[in-house]
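Each remark here refers to the structure printed beneath this line.
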Amino acid sequence: MSMRIGFGYDSHEFRAGVPLIIGGVRLEHTHGLDGHSDGDVLLHAITDALLGAVSVGDIGSFFPPTDPRWKGADSTIFLAEAMRQIEMAGFRVVNVDTTMILAAPKIVPHAERLRARVAELLSIERSRVGIKAKTPEGTGTERAAIAHAVVLLESIPLEPLIEEAEAEAELELQQEGEISGLLRDGNGRQ
């Protein structure tokens with residue numbers, strides 16, 4: 001079994017007049033995050049971690065900010081593409097651990113909703129998703145939200161896939177044999 005680790009980072013400044021979306025969840029707050037898409041720093045960091053783990057580029061490689069199609073886009077689209085890329089590379093997510101740095105809103109009251117949504121998007125158990133947040137004390141980043149993400153991937157075991165393919169092939173041969181037998185019996189027993 002092969003393992004891969006990926007690291008992702010993203011940051012966006014807060015801006016009035018836009019909704020705050022973090023981890024695919026809309027949070028009540030006075031300001032949202034200013035980004036070309038919906039500004040979801042958490043999903044952007046996880047997306048980059050996934051893409052980096054299988055060495056296929058970053059979120060901008062797949063969804064360039066210069067492309068008007070992605071203006072205001074739902075970041076779950078980006079994460080879904082990253083999941084498709086890791087699956088094509090023969091991997092699946094083991095776990096993800098994230099840390100956000102932002103002054104407000106407090107993440108703790110929302111952490112379980114965020115964990116559940118991220119787990120759903122990654123097709124893993126909630127217990128495999130770490131969501132943490134820190135305040136930006138003394139860093140001068142109070143007007144922004146920052147997210148770091150680390151993912152662990154494992155190769156998808158081939159044995160069950162091979163066994164499934166062999167079972168399907170055997171079933172097809174059986175069905176072909178039964179059909180041939182019925183045709184012979186129905187045509188005067190050739």
Side-chain angles (χ1 to χ4, degrees), residues 6-54 56-87 93 95-151 153:
F7 172 77
Y9 166 90
D10 195 38
S11 65
H12 290 289
E13 283 193 333
F14 282 99
R15 179 172 68 113
V18 296
L20 178 61
I21 310 291
I22 295 179
V25 176
R26 186 176 178 153
L27 304 178
E28 290 303 317
H29 191 57
T30 59
H31 291 68
L33 293 169
D34 192 18
H36 184 69
S37 64
D38 61 9
D40 190 332
V41 292
L42 185 60
L43 292 190
H44 294 178
I46 294 170
T47 297
D48 268 351
L50 292 167
L51 294 172
V54 292
V56 292
D58 64 7
I59 197 169
S61 305
F62 288 86
F63 305 99
T66 55
D67 189 332
R69 288 182 299 168
W70 309 121
K71 181 70 177 160
D74 183 335
S75 293
T76 61
I77 295 167
F78 307 156
L79 189 62
E81 177 59 26
M83 291 296 287
R84 193 175 79 77
Q85 292 295 320
I86 69 165
E87 186 178 325
V93 177
N95 75 306
V96 61
D97 189 27
T98 65
T99 302
M100 289 175 281
I101 303 163
L102 66 167
K106 295 292 183 196
I107 294 300
V108 170
H110 309 287
E112 286 308 310
R113 277 186 26 211
L114 297 177
R115 285 179 74 204
R117 181 65 175 139
V118 170
E120 176 188 1
L121 293 169
L122 297 178
S123 300
I124 58 176
E125 297 170 12
R126 195 173 71 199
S127 63
R128 295 174 178 239
V129 177
I131 301 284
K132 303 179 300 299
K134 306 292 180 193
T135 57
E137 298 171 25
T139 62
T141 59
E142 289 79 13
R143 294 178 41 202
I146 299 167
H148 299 270
V150 177
V151 299
L153 307 181

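Here the structure is a predicted model, which is why all the values come from computation and not from measurement.
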Requested in this report: First locate atom OG1 of Thr47, then atom CZ of Phe62, and finally report the distance between them rounded to the nearest 0.5 Å.
Outcome: 10.5 Å
Query raised in the report: Should Ser75 and Ile21 count as side-chain neighbours, where that means a heavy-atom distance under 4.5 Å?
Result: no
Query raised in the report: Where do Ala145 and Leu33 come nearest, in terms of heavy atoms and distance?
Result: CB-CD2, 3.7 Å
Report task. For residues Leu42 and Arg117, determine if any side-chain heavy atom of one lies less than 4.5 Å from a side-chain heavy atom of the other. Result -> no
Query raised in the report: Just how far is it from atom OH of Tyr9 to atom CG of Asp48, taken to the nearest 0.5 Å?
Result: 11.5 Å
Report task. Report the distance from atom CG of Asp97 to atom NE2 of His148, rounding to the nearest 0.5 Å. Result -> 11.5 Å
Query raised in the report: Which pairs count as salt bridge (Lys or Arg N to Asp or Glu O under 4.0 Å) when at least one residue sits in residues 57-68, sequence neighbours excluded?
Result: Asp67-Arg69
Query raised in the report: How many angstroms lie between atom NZ of Lys134 and atom CG of Leu102, to the nearest 0.5 angstrom?
Result: 12.0 Å
Query - Nearest heavy-atom neighbours spanning Val118 and Gly23 - result: CG2-O, 4.2 Å
Requested in this report: Determine whether Ile59 and Glu81 make a side-chain contact, defined as any pair of heavy atoms from C-beta on separated by less than 4.5 Å.
Outcome: no
Query raised in the report: Mind checking whether Thr76 and Leu43 have side chains closer than 4.5 Å, heavy atoms only?
Result: yes
Requested in this report: Specify the closest pair of heavy atoms between Gly57 and Leu51, including all atoms of both residues, with the distance to one decimal.
Outcome: O-CB, 3.4 Å
Query - Minimal non-hydrogen separation, Arg26 against Arg113, with atom names - result: O-NH2, 3.3 Å
**Report entry** Nearest heavy-atom neighbours spanning Ala49 and Ala149
**Finding:** CB-O, 3.8 Å
Query raised in the report: Crowded around Glu112 CD? As in, over 12 foreign heavy atoms under 6.0 Å?
Result: yes
Report task. Write down the atom of Pro136, the atom of Glu142, and the distance for their closest heavy-atom approach. Result -> O-OE2, 3.5 Å
Query raised in the report: Taking the side chain as C-beta and beyond, is there a heavy-atom pair between Ile107 and Met100 under 4.5 Å?
Result: yes
Query raised in the report: Do Met83 and Ile46 have side-chain heavy atoms sitting under 4.5 Å apart?
Result: no
Query raised in the report: For the residue pair Trp70 and Phe78, does the interplanar ring angle fall in the parallel (under 30°), tilted (30 to 60°) or perpendicular (over 60°) class?
Result: perpendicular
Requested in this report: Would you indicate whether the side-chain heavy atoms of Val93 and Arg128 approach each other to under 4.5 Å?
Outcome: no
Query raised in the report: Once you round to the nearest 0.5 Å, how far does CZ of Arg115 lie from OG1 of Thr98?
Result: 10.0 Å
Requested in this report: Just say parallel, tilted or perpendicular for the rings of Phe14 and His31, cut-offs at 30° and 60°.
Outcome: perpendicular
Query raised in the report: For Ile131 and His110, what are the C-alpha separation, side-chain angles and deciding distance, and is it a side-chain contact (heavy atoms from CB on, under 4.5 Å)?
Result: CA-CA 10 Å; Ile131 301 284; His110 309 287; over 6 Å; no
Query raised in the report: Are the side chains of Leu122 and Leu50 in touch, meaning some heavy atoms are under 4.5 Å apart?
Result: yes
Report summary line: CD of Glu13 to CD1 of Ile146, rounded to nearest 0.5 Å, is 10.5 Å
**Report entry** Chi angles and distances behind the side-chain contact (heavy atoms from CB on, under 4.5 Å) call for Lys106, Thr135
**Finding:** CA-CA 9 Å; Lys106 295 292 183 196; Thr135 57; 3.7 Å; yes
